[in-house]
Amino acid sequence: MSRQPYVRPVSKTTWYMRNGRYRKYMLREVTCLLVGVYCFLTIWALAALAAGADTWNGFLASQQNTVMVVFHAFALVYFLIYQAFDWFKLAPKAMPVQLGEKKLPDRYIIIAHYVAWAFVSLFVFWLTGVI
Amino acid sequence: MSMRQMELEVMRYDPEQDDEPHFQSYSVPCEDDWAILDALNYVKENIDTTLAYRWSCHMMVCGSCGMMVNGEPSLTCKTFIRDLPDKVRIEPLENFPIERDLVVVLDDVMEKLRMAKPFIIRHDEPPPEDQEYTQSRAALYKFKQYTMCVNCMCCYAACPQYALDSSFIGPAVLALAHRYNIDSRDQGKSERLDLLADHDGVWECSFVGACSEVCPKSVDPAAAVQQMKIDGAKEWWKQKLGGGKS
Amino acid sequence: MEKITADVVIVGAGGAGLRAAIAIAESDPDLDVALISKVYPMRSHTCAAEGGAAGVKGADDSLENHFHDTVSGGDWLCDQEVVEYFVNQAPRELVQLEHWGCPWSREDDGSVAVRPFGGMKKKRTWYAADKSGFHILHTLFQTSLQFPTIKRFDEYFALELLHKNGKCRGVVAMEMRSGRFFSFQSSVVIMATGGGGQCFPFTTNGAIKTGDGMAMAYRAGVPLKDMEFVQYHPTGLPGTGILLTEGCRGEGGILVNKDGRRYLQDYGMGPETPVGEPVLKTMELGPRDRLSQAFWHEQKKGNTVETPWGDCVLLDMRHLGEKKINERLPLVRELASSYVGHDPVTDPVPVRPVIHFMMGGIDSNLNGETPMPGLFAIGETACSGLHGANRLGSNSLTDLLVSGRRSAERAAEYARKAGEIPEDPAMTAQSEDVVTAIRELLQQSGGGESIAGIRREMKSTLEEGAGIYRDEEGTLKACEKIAELRGRYGKIEVHDKSNVFNTDLQQALELRNLLDIAETVAEASLERRESRGAHQRLDHVERDDEHFLKHSLAYRQPDGRPRIDWLDVTITRSKPGVRDYSGGKSE
Amino acid sequence: MAIAKKAFVWGLFAAGGTVTAFVFPVLIALFLIVALGIVPEGLRFENIYAFATNWVGKTALFIVISLSLWHAAHRLRVVFHDFGVRMDNAVANAVYLVALIGTVLTAFYLYKI
Ligand SMILES: Cc1cc2nc3c(=O)[nH]c(=O)nc-3n(C[C@H](O)[C@H](O)[C@H](O)COP(=O)(O)OP(=O)(O)OC[C@H]3O[C@@H](n4cnc5c(N)ncnc54)[C@H](O)[C@@H]3O)c2cc1C
Ligand code: SF4
Ligand code: F3S
Ligand code: FES
């Protein structure tokens with residue numbers, strides 16, 4: 001037979017280098033590491049809290065150094081760009097809202113998410129006495 | 001109208017001659033309003049009649065002219081040279097085996113189309129043969145966008161999960177299943193559940209979103225797939241909770 | 001060569017072929033259907049249809065109305081029993097499509113909406129936005145996927161009919177991906193290969209519309225009917241031939257010449273109506289054929305606009321405003337901006353008449369039966385006598401459904417009667433002959449003719465000799481020229497020698513088919529010495545019912561040239577009358 | 001046909017993703033503020049302790065942490081896959097196990113507070 005379809009190789013490990021779209025996706029996906037880190041940081045905090053005031057204060061003190069400042073600052077920016085904002089942007093795809101014969105324009109859903117997000121953030125700041 | 005000399009670097013592959021694909025360059029005098037497809041037709045008519053590619057309608061509706069244009073899955077009758085640099089690389093759609101030149105093997109997706117059960121399934125009697133179903137405009141609007149797919153397979157060429165594992169059912173077919181699931185006339189959702197149940201179904205999608213970005217018809221298959229996942233998750237709880245009662 | 005037997009072979013998986021396949025599968029699961037198509041079914045050109053499909057709906061309309069609109073629209077060349085059956089079945093078929101999931105546009109109350117269409121007295125055109133054909137095709141294709149007895153042969157190029165003792169016995173086809181040949185043997189073949197607009201230079205028809213089925217039948221001795229009737233659409237984009245729907249004018253777009261004059265008033269379609277206030281059946285809302293003819297006169301007078309793509313007139317929609325254009329004509333805006341770089345919001349768009357539809361085709365009847373027992377023909381490739389001398393817009397899509405189902409019933413019956421397909425070495429030999437001829441074509445070289453060159457010449461020959469207006473001298477010249485081209489075709493060279501997806505070879509074979517049908521168009525145009533519907537003769541400007549209330553039949557003679565014969569039109573209820581040319585009769 | 005377990009797994013992932021998108025920026029910001037040497041009123045031992053002993057506070061903390069862990073675990077599973085690690089079952093077991101341990105620890109400490 002003369003047919004001999006040619007299958008182009010796809011690298012299973014470096015495929016995302018093929019274009020910017022894929023790289024952005026990978027940058028989003030690895031935010032899970034940050035989530036993991038902060039989950040365990042928080043658990044650590046809870047452990048300190050459970051152990052009493054001294055341990056708690058010790059925990060707070062242990063966090064106060066330049067390395068952590070840099071890390072948190074980086075994490076905050078990275079997380080906002082690649083996880084939070086992306087998640088809000090994609091929300092209307094997963095949960096479209098149809099009103100009668102028209103879809104609610106995506107931007108309203110996105111705005112609603114931002115409003116809710118601001119509210120949650122402010123609430124937490126208020127709760128923790130930051131503001 | 002002014003002319004513009006374009007250089008097309010076209011991927012060629014003739015299984016009877018070549019072990020692997022290679023690029024061939026053509027210098028084509030293009031008119032400003034040409035689409036890439038016109039440039040290919042110029043090559044075929046005037047330079048090299050052996051070049052093989054698919055096309056028919058030249059009006060973005062038959063879906064046959066999908067190719068990679070400078071690395072981007074595109075309908076070539078909808079991709080205009082005015083938006084491109086002087087040198088353009090044209091390859092067959094990625095993630096499909098190359099049959100010949102720019103023609104790819106579509107068997108896999110054509111077979112998967114069947115799996116979506118893309119037809120109305122009814123358990124109740126349909127209306128008599130002289131009477132249509134009533135369907136509100138809102139109900140029509142709900143699924144209309146997913147009927148616009150021309151099966152150009154650009155989304156498959158863009159989806160890395162399909163590239164990594166071609167058993168994944170993939171964007172267009174899932175969007176089609178979703179189209180029928182949410183059609184008010186259809187009652188076959190439960191029969192299409194294996195697309196949700198199976199590992200090759202919606203769960204292989206990691207929401208890269210590339211499919212929707214390249215879709216020339218704004219079908220937004222990524223949205224369809226996410227909605228199916230939500231449906232699937234809801235259904236799971238329903239079965240778990242309902243299962244206890246029955 | 002591989003042999004494949006099937007109870008029914010359907011060639012063509014457009015709207016007509018798919019409808020027939022479903023009808024057979026639904027009615028008789030014991031019959032195997034082989035569905036052959038040179039492209040994947042959803043690529044078939046039915047997908048390009050925009051406007052809609054006609055079928056009586058609503059209390060204020062009647063089958064009688066649809067019947068009369070069709071017959072007078074067809075300038076009384078319609079076979080009236082066919083029209084009768086068609087209008088009766090149309091609503092049922094359109095509802096059936098609705099049950100299968102077609103996303104028809106809807107009224108407020110959730111019933112299917114209908115829109116007005118040229119030449120139709122009442123609103124009866126069912127539509128799915130401006131993509132009706134697309135949705136019909138995809139609905140049919142997707143519905144067909146549930147039937148295991150429909151075996152598809154996608155991207156198989158049908159080459160030649162098999163026949164014995166005057167009976168159809170199958171078809172030979174080539175698998176594009178492998179270059180292998182297959183002998184499909186069957187007592188029934190349904191031809192559903194669509195039209196052949198590609199024999200003209202400017203056409204709304206896709207690249208695949210090369211009249212293959214007509215040519216195959218013609219070479220097998222079946223006559224082609226009414227081939228002189230070719231419909232022009234007045235507003236196609238120059239260059240590509242892409243259709244700008246009639247809706248542009250329906251919404252109030254106007255046609256002007258190079259001086260900005262609304263020239264239609266000079267051709268009996270006036271008086272001039274105020275800009276932006278279209279009046280049915282006048283000016284821009286006149287019939288398609290009249291509008292196209294007016295263009296021709298303007299071109300002769302030198303009143304057309306010269307554009308890089310040739311002479312055009314201008315379709316001016318600027319006064320509609322951006323909002324309305326976006327709302328009602330989004331596709332038009334996209335097409336015009338993309339393909340000719342004129343945004344209708346800010347610029348008049350150059351347009352010209354383009355070949356749109358072939359009324360003629362394989363001689364068939366109400367049941368899709370052709371003069372060759374076992375061979376059926378449906379859809380645009382057939383000429384059942386439904387459209388007469390001029391098709392009404394939106395009758396064609398419905399015809400795919402009606403004729404598809406009807407012929408399927410008859411074909412199934414025929415297949416059941418015929419029973420088992422006997423082993424027949426003669427058929428295998430016939431198939432081998434076809435293959436041998438193709439192998440020879442592939443081998444030959446040094447003749448110096450090119451496929452593209454002959455194709456270009458054929459196209460311009462037909463446009464000049466058998467275009468919007470015809471006369472004795474021009475058609476005669478066209479006949480000679482095409483016969484000459486057919487001779488030169490023997491010296492073409494297929495450069496691509498590969499077995500795998502050889503589109504060079506495919507184009508060569510398609511060109512042969514185009515030449516065959518082009519010749520029947522020219523020859524029938526020559527012989528019909530009257531003006532009727534889409535066939536307008538400068539030297540015989542009147543309709544001549546005494547001599548030409550007849551279908552033309554083109555038979556292929558041994559030397560390859562057509563011989564024209566005549567066949568009476570079936571008239572039941574509507575005697576030939578005056579076709580009211582003051583407007584609106586054509587779509 | 002039953003729906004794959006993935007439906008359940010994905011449901012938790014999606015819920016967790018939403019939670020992280022809403023809560024993590026402010027959580028990280030709090031860590032940042034602390035790292036800068038400022039301890040806001042609400043993070044003084046008495047206040048935060050009071051919050052965490054309250055059942056509303058407990059529940060909130062538990063939900064946020066467990067769902068986020070789950071989200072992270074599931075996404076990490078995909079990340080492994082995307083980087084070409086194809087022992088999906090092993091990866092899944094490992095990441096979900098870590099998430100489970102995190103969840104149990106959270107419950108344990110909250111219980112102890
Ligand atoms: C731009 C445009 C707009 C239109 N709008 C309307 C409208 O609004 N309303 C209306 O009623 N009509 C309209 N028409 C006309 C109508 O769409 C066509 O007449 C109709 O779709 C033809 O359908 P068909 O099934 O006969 O053929 P097609 O859809 O053309 O299908 C032909 C099939 O035959 C196959 N085939 C051809 N040759 C071979 C071969 N050698 N071997 C194997 N297979 C072969 C092809 O692969 C294809 O599957 C329009 C036409 C055009 C071009
Ligand atoms: S979803 Fe879009 S990209 Fe994918 S096949 Fe359909 S039209 Fe093409
Ligand atoms: S690109 Fe692929 S991974 Fe999902 S969102 Fe689209 S199908
Ligand atoms: S040629 Fe039909 S979509 Fe491009």
Side-chain angles (χ1 to χ4, degrees), chain B residues 1 14-17 31-33 35 38 44-46 48-59 61-64 78 80 82 99-101 103 105-106 110 113-114 117-120 126-127 129-137 139-140 143-144 147-151 176 180 183 185-186, chain C residues 39-40 42-45 47-48 91-92 95-96 98-101 103-112 128-129 131 134-135 138 142-143 145-146 154 177 206-208 239-243 307-309 334-335 338-341 450-452 494-504 507:
Chain B
M1 176 152 316
D14 179 354
E16 295 186 328
Q17 310 269 337
E31 280 168 33
D32 280 346
D33 60 341
D38 297 303
K44 177 104 182 148
E45 280 199 17
N46 303 291
D48 185 350
T49 60
T50 66
L51 182 63
Y53 53 97
R54 296 185 175 106
W55 72 290
S56 172
C57 71
H58 200 299
M59 55 183 284
V61 68
C62 76
S64 39
K78 197 188 184 218
F80 295 92
R82 56 174 170 267
E99 187 80 75
R100 161 85 196 268
D101 295 349
V103 175
V105 184
L106 295 175
M110 290 305 290
L113 271 179
R114 210 185 276 277
K117 297 200 169 74
F119 33 80
I120 298 283
E129 66 172 33
D130 58 351
Q131 197 192 316
E132 69 254 30
Y133 292 105
T134 325
Q135 181 168 64
S136 70
R137 284 209 199 111
L140 170 65
F143 69 93
K144 186 71 197 268
T147 66
M148 304 305 272
C149 171
V150 296
N151 301 135
L176 186 62
Y180 279 95
D183 186 325
R185 297 166 290 188
D186 182 81
Chain C
V39 294
Y40 284 105
M42 64 279 184
R43 318 289 191 219
S44 303
H45 206 60
C47 71
R92 186 191 137 177
V95 168
Q96 175 65 76
E98 198 277 337
H99 289 184
W100 282 335
W104 294 120
S105 294
R106 301 282 173 164
E107 298 288 359
D108 288 338
D109 65 356
S111 62
V112 173
K131 298 222 168 57
F134 171 82
H135 288 302
H138 280 251
Q142 289 160 11
T143 301
L145 291 175
Q146 65 193 282
D154 294 337
R177 58 161 69 175
I208 56 172
T240 52
I242 291 169
L243 177 75
T307 74
W309 315 275
E334 186 185 357
L335 293 172
S338 301
Y339 290 109
V340 293
S450 83
I451 297 169
V494 178
H495 297 281
D496 191 345
K497 307 293 180 198
S498 178
N499 288 305
V500 179
F501 225 92
N502 188 335
T503 48
D504 201 13
Q507 291 195 349

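What you are looking at is a predicted structure, and each value in this text was computed from that prediction instead of being measured. All heavy atoms count here, side chains included; hydrogens, waters and symmetry mates do not.
Taking the six-membered ring where tryptophan is involved, the planes of Y339(C) and H58(B) are tilted, since the angle between them lies from 30° to 60°.
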Legend entry - Verdict with reasoning, R43(C) to D154(C), per salt bridge (Lys or Arg N to Asp or Glu O under 4.0 Å): CA-CA 11 Å; R43(C) 318 289 191 219; D154(C) 294 337; over 6 Å; no
Inset, instruction - Step by step, work out the side chain to side chain contact (heavy atoms under 4.5 Å, CB included) result for V39(C) and S44(C). - result: CA-CA 7 Å; V39(C) 294; S44(C) 303; 4.3 Å; yes
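Contacts between Y133(B) and chain C at a heavy-atom distance below 4.5 Å involve backbone atoms as well as side-chain atoms. For chain C, the nearby part of V103(B) is the side chain; its heavy atoms alone come within less than 4.5 Å. Only the backbone of Y53(B) comes within contact range of chain C, judged by heavy atoms closer than 4.5 Å. The contact between E129(B) and chain C is made by backbone and side chain atoms together, counting heavy-atom distances below 4.5 Å. Heavy-atom distances place no part of P91(C) under 4.5 Å from chain B, backbone and side chain included. Interface residue F134(C): only side-chain heavy atoms are found under 4.5 Å from chain B. Both the backbone and the side chain of L113(B) come within contact range of chain C, with heavy atoms under 4.5 Å apart. M110(B) touches chain C through its side chain: at least one heavy atom from C-beta onward sits under 4.5 Å away, while N, CA, C and O do not. Only the backbone of Q131(B) comes within contact range of chain C, with heavy atoms under 4.5 Å apart. With a 4.5 Å cut-off on non-hydrogen atoms, H495(C) touches chain B through its backbone and its side chain both. Interface residue I208(C): backbone and side-chain heavy atoms are both found under 4.5 Å from chain B. With a 4.5 angstrom heavy-atom cutoff, H99(C) touches chain B via backbone and side-chain atoms both. Using a 4.5 Å cut-off between heavy atoms, A452(C) touches chain B through its side chain atoms alone.
Most heavy-atom pairs under 4.5 Å with chain C: of the set K144(B), R54(B), K117(B), this distinction falls to R54(B). Highest contact tally toward chain B, considering only I451(C), T143(C), T240(C), V112(C), is held by V112(C) [criterion: heavy-atom pairs under 4.5 Å]. The candidate with the highest count of non-hydrogen atom pairs below 4.5 Å against chain B, out of D108(C), V500(C), I242(C), is V500(C). Looking only at heavy-atom pairs under 4.5 Å with chain C, the residue among D14(B), D48(B), N151(B), L51(B) that has the most is N151(B). The greatest number of non-hydrogen atom pairs below 4.5 Å with chain C, out of D38(B), T147(B), N46(B), V105(B), is found for T147(B). Contact count against chain C (heavy-atom pairs under 4.5 Å) is highest for S64(B) among S64(B), S136(B), A52(B). Top candidate by heavy-atom pairs under 4.5 Å with chain C, chosen from D130(B), D101(B), L106(B), is L106(B).
For D183(B), the salt bridge (Lys or Arg N to Asp or Glu O under 4.0 Å) test picks out R179(B), R185(B), with sequence neighbours left out. In this view, E45(B) and R455(C), R456(C) satisfy the salt bridge (Lys or Arg N to Asp or Glu O under 4.0 Å) rule, not counting sequence neighbours.
The main-chain N or O of I120(B) is never found under 3.5 Å from a side-chain atom of Y180(B) such that the two would form a donor-acceptor pair. Using a distance-only test at 3.5 Å, with no hydrogens or angles considered, no donor-acceptor pair links the side chain of S111(C) to the main chain of E107(C). Proximity of a side-chain donor or acceptor of H45(C) to a complementary backbone N or O of G206(C) within less than 3.5 Å is detected.
Taking both residues in full, the closest heavy atoms of R106(C) and R137(B) are given as O-NE, 2.7 Å, listed atom of the first, atom of the second, then distance. Of all the heavy atoms in C47(C) and V61(B), the pair that sits closest is O-CG2, 3.4 Å.
You'll find the side chain of R100(B) reaches within 4.5 Å of the side chain of P15(B), heavy atoms only. Between R114(B) and Q142(C) there is no side-chain heavy-atom pair separated by less than 4.5 Å.
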